[in-house]
Amino acid sequence: MNIYLTAVISFLLIAFIIDAVADYFNIKNMTDELPGEFAGYYDADKYKKSQNYLRDKTAFSFISSFTVLVIEIIFIISGGFNFIDMISRSFGYGEIATGLFFAAFLMILLNIIQIPFAAYNTFVIETKYGFNKTTVKTFFIDILKTAFLFAVIGLPVFALIVWFFVKFGSFAWIYAAAAVVLFEILITFIAPVFIMPLFNKYIPLEDGELKSELERYALRENFKMKGLYKMDGSKRSTKSNAFFAGFGKFRRIVLFDTLIEKHTTDQLVSVLAHEMGHYKKGHITKFMAMSFANTILMFFILSFFIDNQYMFEAFGMQNISVYAALVFFGFLYTPVSMFLSVIQNVLSRKYEFEADKYSVETYKKPDSMIEALKKLSVDNLTNLTPHKFKVFLEYSHPPVLERIKAINNIKTEE
Ligand SMILES: [Zn+2]
């Protein structure tokens, strides 16, 4: 068997197995015993419900990723990519337009596979546990909007990268990397204003106790408070959250309406102080820098494979093309991107502790922060006892009990 084909199929299988093993340990790690910190927040029934939620989610993710894995392997081995390429070429356009057809057809196929799973997750599992608020209409409109964004943003960027490689040969990767980095910066700036509002309503936080308490805190911390928004998270789910988006003039701090509903002012300010902590500690800039480094590394490695004949043979292709190379390289890059995502999660968990610390040290209400974390966990039925391996691989946030412990340690230090 072609070495590239062996590599690609092994990567897919290994990634699947690693995930399955992590999930297995994660499920095994559950006990009936409620962690002491959460006494009074959960009764036996509700705790059981949170664990059943984890079981259902894990089983669902196993079945969906197994199905996708099987489809992918069959598609690769049976020459599915060549079939799509033949259709794309049959229109008789040049390399860039043909590449656009190729990418668009693949995206449509991917959607056809994923939509039933997404629908099951939203309308069966999330509904069963009382989270789902998404209507069928919103569900399909979301898909159309995402497709629209792919067409107006994704495809032009894809075309530009193909153009660079067709035109500039061996140095193309530098141009392509530079263009994608510039594009990432642009998107980060404009997303809060032009993309996010396509999916949700953002209204400036209304005057009142919360806003004045926040402004008081921000003034004290020398933080220019602008772009404080409430988002209609309740349009899709009862789950709640808060986040920071964008840069400079367009930056925003966003609170879900569901979060505001369920928390006191002190708890909300603690959560926002955490978000500001990310900003003040430069976490956002650091993640941007890492993402740029990743983009550059990816294009550099890609440049070695762009016209590799064996890679095209592995995917059963009759013709070599830049656009197909971009897609195939995505498969070869799997181990690198998995490795980088683990590193990113390790860092992200470290930053979460730092942001908690920032909140506790500046707003000085550790008990409100702890209370907010507990309420968030209970309301979202978060797994309280995830397995270490699962956390290591996939968790961008430390498990809630570790965060509470860290905050309690800061409290006793003072
Ligand atoms: Zn955070």
Side-chain angles (χ1 to χ4, degrees), residues 37 188 191-192 196 200 202 205 210 214 217-218 221 223-225 227-231 233 237 239-247 250-260 262-291 341-384 386 390-411:
E37 279 285 351
T188 315
M196 286 156 51
N200 282 95
Y202 294 85
L205 193 66
L210 175 60
L214 268 168
Y217 164 78
E221 291 309 312
F223 186 86
K224 279 192 199 64
M225 188 57 115
L228 189 58
Y229 286 84
K230 178 164 117 175
M231 187 193 103
S237 172
K239 288 182 176 174
S240 47
N241 208 347
F243 63 90
F244 205 105
F247 252 124
F250 293 146
R251 76 165 188 241
R252 290 183 173 188
I253 291 185
V254 177
L255 289 163
F256 280 36
D257 52 356
T258 42
L259 187 83
I260 297 177
K262 292 174 202 156
H263 292 79
T264 65
T265 300
D266 282 356
Q267 290 161 8
L268 291 168
V269 179
S270 297
V271 170
L272 285 176
H274 166 109
E275 297 304 326
M276 285 183 211
H278 281 309
Y279 192 84
K280 284 261 184 182
K281 297 265 170 194
H283 297 161
I284 298 162
T285 350
K286 285 178 197 161
F287 269 125
M288 284 280 284
M290 276 186 273
S291 150
S341 111
V342 170
I343 303 273
Q344 190 179 338
N345 282 334
V346 170
L347 271 175
S348 169
R349 291 194 298 272
K350 181 174 166 271
Y351 293 164
E352 288 305 317
F353 282 127
E354 286 177 16
D356 282 348
K357 190 163 183 242
Y358 181 88
S359 167
V360 169
E361 284 177 352
T362 58
Y363 190 52
K364 298 190 168 47
K365 297 200 174 163
D367 295 324
S368 298
M369 185 70 204
I370 291 176
E371 183 72 15
L373 286 173
K374 285 184 182 173
K375 275 162 97 174
L376 268 169
S377 299
V378 174
D379 288 338
N380 295 346
L381 294 181
T382 310
N383 180 12
L384 299 183
K390 178 86 176 171
V391 174
F392 175 72
L393 286 181
E394 292 172 27
Y395 271 48
S396 62
H397 287 59
V400 65
L401 288 172
E402 284 181 24
R403 290 176 73 179
I404 295 174
K405 205 168 127 193
I407 296 172
N408 278 325
N409 284 341
I410 301 170
K411 245 168 77 181

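Whatever order the structure lists ligands and atoms in, that order sets their numbers, starting from 1.
Atom OE1 is the N, O or S atom of Glu352 at the shortest distance from the Zn ion (ligand 1).
At a cut-off of 2.8 Å, His397 does not coordinate the Zn ion (ligand 1) through any N, O or S atom. Residue Glu275 does not count as close to the Zn ion (ligand 1), with no N, O or S atom under 2.8 Å.
Side-chain atoms of His278 and Glu354 include no donor-acceptor pair closer than 3.5 Å.
Partner of Asp356 under the salt bridge (Lys or Arg N to Asp or Glu O under 4.0 Å) criterion, chosen from Lys350, Lys405, Arg403, Arg349: Arg403.
Two residues are said to be in side-chain contact when any heavy atoms from C-beta on lie closer than 4.5 Å; Glu402 and Phe353 meet this criterion.
The NE2 atom of His278 and the NE2 atom of His274 subtend an angle of 100° at the Zn ion (ligand 1), given to the nearest 10 degrees.
Aromatic ring centroids of Tyr279 and Phe223 lie under 6.0 Å apart.
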